[in-house]
Every structure is written in C-alpha cells, then in structure tokens.
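Structure first, then comments.
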Number of protein chains: 2
Amino acid sequence: MPPNLPSVSDSTIRRLSLYLRVLEELNEASEPTVSSRRLAELAGTSAAQVRKDLSRFGSFGKRGLGYAVDPLERHLREILGLQRRWPVVLVGAGRIGSALFEYPYFRERGFEIVAVVDRDPAKVGRRWNGVKIEPVESLSKVVRELGTELGILAIPADDAQATAEALVNAGIRGILNFAPVQLHLRPEIVVNEVNLTLELEALSFALHGSSRATSPERD
Amino acid sequence: MPPNLPSVSDSTIRRLSLYLRVLEELNEASEPTVSSRRLAELAGTSAAQVRKDLSRFGSFGKRGLGYAVDPLERHLREILGLQRRWPVVLVGAGRIGSALFEYPYFRERGFEIVAVVDRDPAKVGRRWNGVKIEPVESLSKVVRELGTELGILAIPADDAQATAEALVNAGIRGILNFAPVQLHLRPEIVVNEVNLTLELEALSFALHGSSRATSPERD
DNA sequence: TTTATCTTGTGAAGCTTTTCACAAACAGGC
DNA sequence: GCCTGTTTGTGAAAAGCTTCACAAGATAAA
Ligand SMILES: NC(=O)c1ccc[n+]([C@@H]2O[C@H](COP(=O)([O-])OP(=O)(O)OC[C@H]3O[C@@H](n4cnc5c(N)ncnc54)[C@H](O)[C@@H]3O)[C@@H](O)[C@H]2O)c1
Ligand SMILES: NC(=O)c1ccc[n+]([C@@H]2O[C@H](COP(=O)([O-])OP(=O)(O)OC[C@H]3O[C@@H](n4cnc5c(N)ncnc54)[C@H](O)[C@@H]3O)[C@@H](O)[C@H]2O)c1
C-alpha cells in the first residue's frame with residue numbers, strides 16, 4: 001500500500017460526482033464506451049480535466065477507445081464510497097426538511113433518511129412514510145441506535161451550532177448544513193454548507209456587478 | 001473610471017456574501033467595528049483572505065481599528081448588487097419549489113418570487129400567498145411583464161434544459177438550477193447549479209475515502 | 001505486418017488563489 | 001507631541017489547480 005498520496009482536491013471529488021451522473025445516463029442509453037472529450041462535454045468541463053481527475057485513482061481507460069461506461073461507473077461509486085448504504089438523520093422537519101425527506105433520488109444513491117428529529121411537539125410523533133418524528137431529546141439515542149454517521153441540519157440558524165455539536169457528540173461524522181451559519185466543529189468532522197441565499201447573491205453580483213462594481217472606489 | 005480590472009473570482013464573491021451575513025449579525029449586536037481577524041473567524045476563513053477580498057473593491061478599513069460594521073455592510077450590499085429589489089420567477093411548484101417560495105429570508109435580501117409557473121394543471125390557478133401559479137405556456141409573458149431577470153428552476157431534470165432555454169428566450173439572465181443536470185446555455189447567461197446529491201456524495205467520499213480510496217489501483 | 005487513426009495518461013507549463021510578512025496608518029494615553 | 005500597541009493594505013512567495021502537448025498504447029483495415 002503506497003504512503004499518503006497528496007490528498008484529492010474537493011473540486012475533483014465534486015466533478016467525479018458529476019461524471020457519475022453522466023455515466024448513469026449513458027448506461028441507461030446503453031452506450032458501451034465514452035471518451036474523455038464526450039464525458040467532459042456532458043459534465044461541463046474539459047477533456048484534460050476528466051483524464052486528470054480519473055488518473056488520480058487509476059487507469060480506467062483504453063487508449064484509442066475511451067472508457068467503458070459500466071466499469072467506470074462502478075469505479076466511481078467505489079471511489080465515492082457509494083457501494084454501501086448511508087443511513088442519515090434529518091434534524092428539522094420543516095419546509096426544506098420535508099422536501100429533502102421526500103426526495104427519492106437520495107435513497108437511490110444510498111442515502112437513506114432513517115430518522116427525523118424535530119423540536120416542535122406538534123410534529124413529534126407523526127409518521128413520515130414509516131419514519132416516526134422523534135423529539136430532539138432523543139437525538140443522541142437515535143443516532144447511536146441506528147448507527148448513522150451522516151446528518152442533515154435543516155433548522156433555523158440560531159440553533160444550528162448547538163445542535164451540530166449534539167450531533168457530533170452522538171457520533172455523527174459528516175453534516176450537510178442548510179442553516180446559514182458557519183459551523184465550528186472539530187476538524188475531523190466534515191461539513192458541507194448549502195447556502196442558497198449566497199447562490200442568489202452570486203447571481204445578483206454577476207448581473208449587477210460584472211461591468212460596474214469591479215472598480216475600486218478610492219478618494 | 002479605470003479600465004477593466006482583472007475580474008473578481010467566484011470564491012471572493014461567495015465569501016463577500018458570507019461576510020455580509022456576519023456583518024448583519026454584528027450590526028444587530030450593535031458592534032461598531034470588526035477586525036479582519038474576527039470577521040474571518042466568524043466567516044470561517046483567514047484574516048489575510050478577508051483583507052484581500054475587500055481590498056479588491058476599495059479601502060474600507062482603518063488601520064489600527066478595523067472596519068466599521070455598518071458602512072462595510074452597505075458597501076458589500078452595493079458590491080453584490082443587493083440595494084435593488086430582484087424579482088424572481090420560480091419554475092416548478094413542487095416540494096423544493098414550495099420550500100423556497102415560503103422561505104422569508106430571500107425577500108429580506110431583496111429576492112422576491114413574483115411569479116410561479118408549473119406544468120401540472122392541478123396546481124395552476126392556485127394562489128400562494130397572493131401569487132397565482134401560472135401555466136408553463138404563460139412563462140414568456142410572465143417574465144416579460146414582470147421584468148424578471150432571475151429564475152429558479154425546480155423541475156425534474158428531463159425538462160430542465162428546454163425550460164432553461166425558454167427562460168433565456170423570455171429575457172432571464174441568471175438561473176439558479178436545482179435539477180441535477182448541467183445546463184448548456186449562452187455564455188453570458190449566469191447559471192448556478194445546486195446539486196444536493198453531490199453534496200452528500202462529497203461527504204460520503206470524505207468519510208469513506210479519506211483513508212481508503214486515495215490509493216490508485218494499478219495492476 | 002504495417003500504416004493510419006484514435007485516445008489515454010501524464011510531466012511540464014501556465015494560471016489562479018491563498019498565505020506570508022511588513023511598511024504605513026491610526027488611536028489613545030502620557 | 002511622542003511613544004505604544006494595534007490593524008490595514010499589499011507586493012511577493014507559496015500553494016493549488018487547470019491546460020497543454022505529446023509519447024505510448026490500442027484498434028482496424030489493408
Ligand atoms: N426553506 C428554504 O427554502 C430554505 C432556503 C435556504 C435556507 N434555509 C434554511 O434551512 C433551515 C430550515 O429552514 P425551513 O424553511 O425548513 O424552516 P422551517 O421553520 O420550515 O422548519 C424548521 C424546523 O426545524 C424545527 N426546529 C427548530 N429548532 C429546532 C431544534 N433546535 N432542533 C430540532 N428541530 C428544530 C422546527 O420545529 C421546524 O419544524 C433554516 O436555517 C433556513 O435558513 C431554508
Ligand atoms: N426535493 C428535494 O429535496 C430535491 C433535492 C435535490 C434536488 N432536487 C431537484 O429539484 C427538482 C424538483 O424537485 P422536487 O422534489 O421539487 O420535485 P416535485 O416533483 O415535487 O416538483 C416538481 C414540480 O415541477 C412541475 N413541473 C414538471 N415539469 C415541469 C415543466 N416542464 N415546467 C413547469 N413545471 C414543471 C411539476 O408539476 C411539479 O409541481 C428536481 O430536478 C429534483 O431532482 C430536489
């Protein structure tokens with residue numbers, strides 16, 4: 001086993017996820033192979049980038065031919081850790097939480113929301129498609145019993161930090177955070193922030209500021 | 001007015017949005033000033049990064065003191081183009097669409113969903129908090145009449161490309177896309193992709209692959 | 001077998017972003 | 001007015017990421 005390689009960049013991983021989706025589609029369309037050029041086109045990047053990304057993990061292609069779709073799809077799943085099932089705990093059974101819960105594609109990819117936790121007594125006890133909403137007090141117990149390592153935080157920003165800490169104490173190692181606050185947790189805990197207002201603001205800047213706001217105002 | 005400066009990087013813009021939120025909080029807490037160090041801490045970056053980011057747009061701080069919270073907040077709003085109101089059209093009144101529609105913070109930041117469009121006849125005609133759901137056929141008319149430049153795509157992946165093109169033809173210049181497909185549009189159209197499965201997969205990789213999958217498998 | 005054509009895998013080059021480090025500026029106390 | 005302690009703004013260095021360009025491997029056809 002080789003020693004620690006230079007770690008894989010986040011952007012590479014995110015692209016692998018895009019490639020995987022494209023490969024799924026190609027597979028459904030019964031395309032046997034795909035070249036880096038075509039894969040790049042479909043995933044919105046460059047052929048060289050595709051090859052560089054993949055070459056970090058092995059040599060999956062055949063020169064002159066390209067990549068065999070089905071095996072490459074399997075390789076990517078393995079690299080991304082998607083062969084196993086990932087039980088997930090959802091904290092916050094509100095608007096965004098329920099949308100996520102009902103989204104079928106997560107489960108298809110192996111992410112299964114096996115527990116839902118909420119603070120609101122009016123929601124606790126309800127059943128969502130077989131999953132009972134638990135009170136926040138049971139969070140730790142639920143996480144431990146179900147062995148979940150991934151958590152989705154879909155609660156107001158005020159409570160996000162404290163609840164994230166509770167998740168970590170219960171054994172959660174990765175968090176997808178929808179609350180618009182920066183979580184401060186131990187460095188080995190992986191956190192992905194989804195900040196939709198920020199996405200809109202980036203659009204706002206691009207439309208408003210592209211020509212205008214790049215000029216520094218000095219006196 | 002200076003000629004075209006080297007364009008501002010996307011990561012800088014995204015951080016500005018984070019700074020803005022932190023400044024809002026500091027403002028509410030009546031903190032008069034903030035140092036780059038503290039701002040960095042709260043936004044999850046480094047002090048040097050904060051100063052570099054801000055210095056692209058002007059000199060907003062005072063040496064020895066830091067930045068005055070309220071004026072800096074206003075500067076950032078101006079840079080990001082948030083002084084004006086941004087009317088937004090929402091395409092897809094489903095699970096994620098309704099969560100977004102009901103999210104109050106967008107409006108607070110100036111992003112106001114003024115039109116909702118859906119294909120489902122059962123949904124068309126309903127009123128959401130004063131906004132009537134329109135049929136897809138009216139998309140172009142609605143966009144033109146309301147003068148919306150921003151669109152949110154919250155429909156299944158199959159229809160996303162065609163509908164995105166319809167949005168662009170109607171005059172939309174920026175799109176926030178929740179459908180998990182890469183949109184191919186004219187380069188002057190700004191698109192931000194929100195891919196939640198990808199976010200979970202990045203977590204999966206980090207937990208599964210951190211120690212394991214970085215080793216290339218060669219024969 | 002040889003030739004023509006394709007496409008990968010990958011060092012090296014080029015580019016972008018982040019970090020470093022320090023002079024210059026400012027406030028407050030004496 | 002001058003010293004002390006602080007913090008910005010910014011070139012320069014370092015690190016990281018993407019693109020380039022091509023040798024090497026593979027196929028197919030003659
Ligand atoms: N709705 C959106 O489209 C949207 C968009 C961007 C960001 N967000 C963010 O996502 C988060 C959730 O938003 P939402 O619109 O679903 O809110 P919501 O009010 O609809 O739902 C929040 C849910 O969390 C529960 N809750 C509150 N505090 C809790 C706690 N400490 N522990 C457990 N449960 C708790 C509430 O009872 C409620 O059911 C917020 O941080 C919001 O800023 C939402
Ligand atoms: N729900 C989630 O949490 C979630 C998570 C990640 C990604 N997404 C993506 O967001 C998109 C929407 O997901 P959803 O869960 O809200 O789906 P949904 O089925 O609940 O809602 C989709 C809505 O779009 C409407 N629609 C379909 N085709 C249309 C068209 N051509 N024009 C106008 N309206 C049309 C449907 O009538 C429906 O109301 C999908 O691409 C999905 O992959 C959703």
Side-chain angles (χ1 to χ4, degrees), chain A residues 2 4-19 23 26 31-69 71-72 75-76 79 202 214-219, chain B residues 2 4-19 23 26 31-69 71-72 75-76 79 202 214-219:
Chain A
N4 259 2
L5 292 182
S7 71
V8 187
S9 82
D10 195 54
S11 14
T12 293
I13 296 308
R14 301 176 91 81
R15 282 190 301 265
L16 291 187
S17 176
L18 297 178
Y19 303 156
L23 289 167
L26 292 171
E31 303 252 2
T33 61
V34 65
S35 68
S36 56
R37 181 143 48 92
R38 178 138 173 69
L39 187 43
E41 202 177 289
L42 293 168
T45 182
S46 72
Q49 187 74 81
V50 167
R51 296 200 297 275
K52 257 275 144 70
D53 286 340
L54 295 178
S55 74
R56 253 168 224 276
F57 298 95
S59 299
F60 305 122
K62 274 211 168 63
R63 297 176 190 223
L65 277 194
Y67 301 88
V69 169
L72 183 56
H75 277 300
L76 289 189
I79 291 165
T214 49
S215 35
E217 297 165 34
R218 316 202 176 238
D219 356 36
Chain B
N4 260 2
L5 293 182
S7 73
V8 188
S9 81
D10 194 55
S11 13
T12 293
I13 296 308
R14 301 176 90 80
R15 282 190 300 264
L16 291 187
S17 176
L18 296 177
Y19 304 157
L23 289 167
L26 292 171
E31 303 250 3
T33 61
V34 65
S35 67
S36 58
R37 180 141 49 91
R38 179 139 173 68
L39 188 43
E41 202 177 289
L42 293 168
T45 181
S46 72
Q49 186 74 81
V50 167
R51 296 200 298 274
K52 257 276 144 68
D53 285 340
L54 296 177
S55 73
R56 254 168 223 277
F57 298 96
S59 298
F60 306 122
K62 275 211 167 63
R63 298 174 190 223
L65 277 193
Y67 301 87
V69 169
L72 183 57
H75 277 300
L76 290 189
I79 292 166
T214 49
S215 34
E217 298 166 32
R218 315 200 178 239
D219 357 38

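Not measured: the values here are computed from a predicted model. By convention in this document, chain letters (A, B, ...) are assigned in the order of the sequence lines, proteins followed by strands, and residues within each chain are numbered from 1.
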Output yes when at least one side-chain N/O atom of [X] is less than 4.0 Å from OP1 or OP2 of [N], else no.
X: B:Q49; N: C:dT17; value: no
X: B:S36; N: D:dT8; value: yes
X: A:Y67; N: D:dA26; value: no

Rounding to a whole Å, what distance do you find between [X]:[atom1] and [N]:[atom2]?
X: B:F60; N: D:dT10; atom1: CZ; atom2: C1'; value: 15 Å
X: B:L72; N: D:dT7; atom1: CG; atom2: P; value: 16 Å
X: B:I13; N: C:dT18; atom1: CD1; atom2: C1'; value: 16 Å
X: B:R37; N: D:dT8; atom1: CZ; atom2: P; value: 9 Å
X: A:R38; N: C:dC6; atom1: CZ; atom2: C1'; value: 17 Å
X: A:L54; N: C:dG9; atom1: CG; atom2: P; value: 8 Å

Counting any heavy atom closer than 4.0 Å, what does B:R15 reach on the DNA or RNA strands: base, sugar-phosphate only, or nothing?
-> sugar-phosphate
Select base, sugar-phosphate, or nothing to describe what B:S46 touches, counting heavy atoms under 4.0 Å on all strands.
-> sugar-phosphate
In this structure, CD1 of A:I13 is separated from CG of A:L18 (nearest 0.5 Å) by 11.5 Å
Only distances under 3.5 Å count here; give the side-chain donor-acceptor pairs of residues 38-53 of chain A to other protein atoms, sequence neighbours excluded, each with its distance to 0.1 Å.
residue : atom : partner : partner atom : Å
A:S46   : OG   : A:Q49   : N            : 3.2
A:Q49   : NE2  : A:D53   : OD1          : 3.4
A:R51   : NH1  : A:S36   : OG           : 3.0
A:D53   : OD1  : A:T12   : OG1          : 3.2
A:D53   : OD1  : A:R15   : NH2          : 2.9
A:D53   : OD2  : A:R15   : NE           : 2.6
A:D53   : OD2  : A:R15   : NH2          : 3.4
A:D53   : OD2  : A:Y19   : OH           : 2.6

What does nucleotides 21-30 of chain C look like as a protein-contact string, B for base, S for sugar-phosphate only, - for none, at under 4.0 angstrom between heavy atoms?
-> B-BBBBS---
Would a 4.5 Å heavy-atom cut-off, applied to side chains only, mark B:T33 and B:L65 as touching?
-> no
Heavy-atom distance under 4.5 Å between the side chains of B:I79 and B:V8, does that happen here?
-> no
With a cut-off of 6.0 Å (strictly less than), are more than 12 heavy atoms of other residues, nucleotides or ligands near CZ of B:R37?
-> no
When every non-hydrogen atom of B:V69 is compared with those of B:L23, the smallest separation belongs to CG1-O, 3.6 Å
B:H75: which of B:F57, B:F60, B:Y67 passes ring-ring contact (aromatic ring centres under 6.0 Å, His included) = B:F60
Measure from the side chain of A:S9, starting at C-beta and using heavy atoms only, and say which of D:dG9, D:dT18, D:dC17 lies closest.
-> D:dC17
Polar atom pairs (N or O), protein with nucleotides 11-14 of chain C, under 3.5 Å:
residue : atom : partner : partner atom : Å
C:dG11  : O6   : A:K52   : NZ           : 3.0
C:dA12  : N6   : A:K52   : NZ           : 3.2

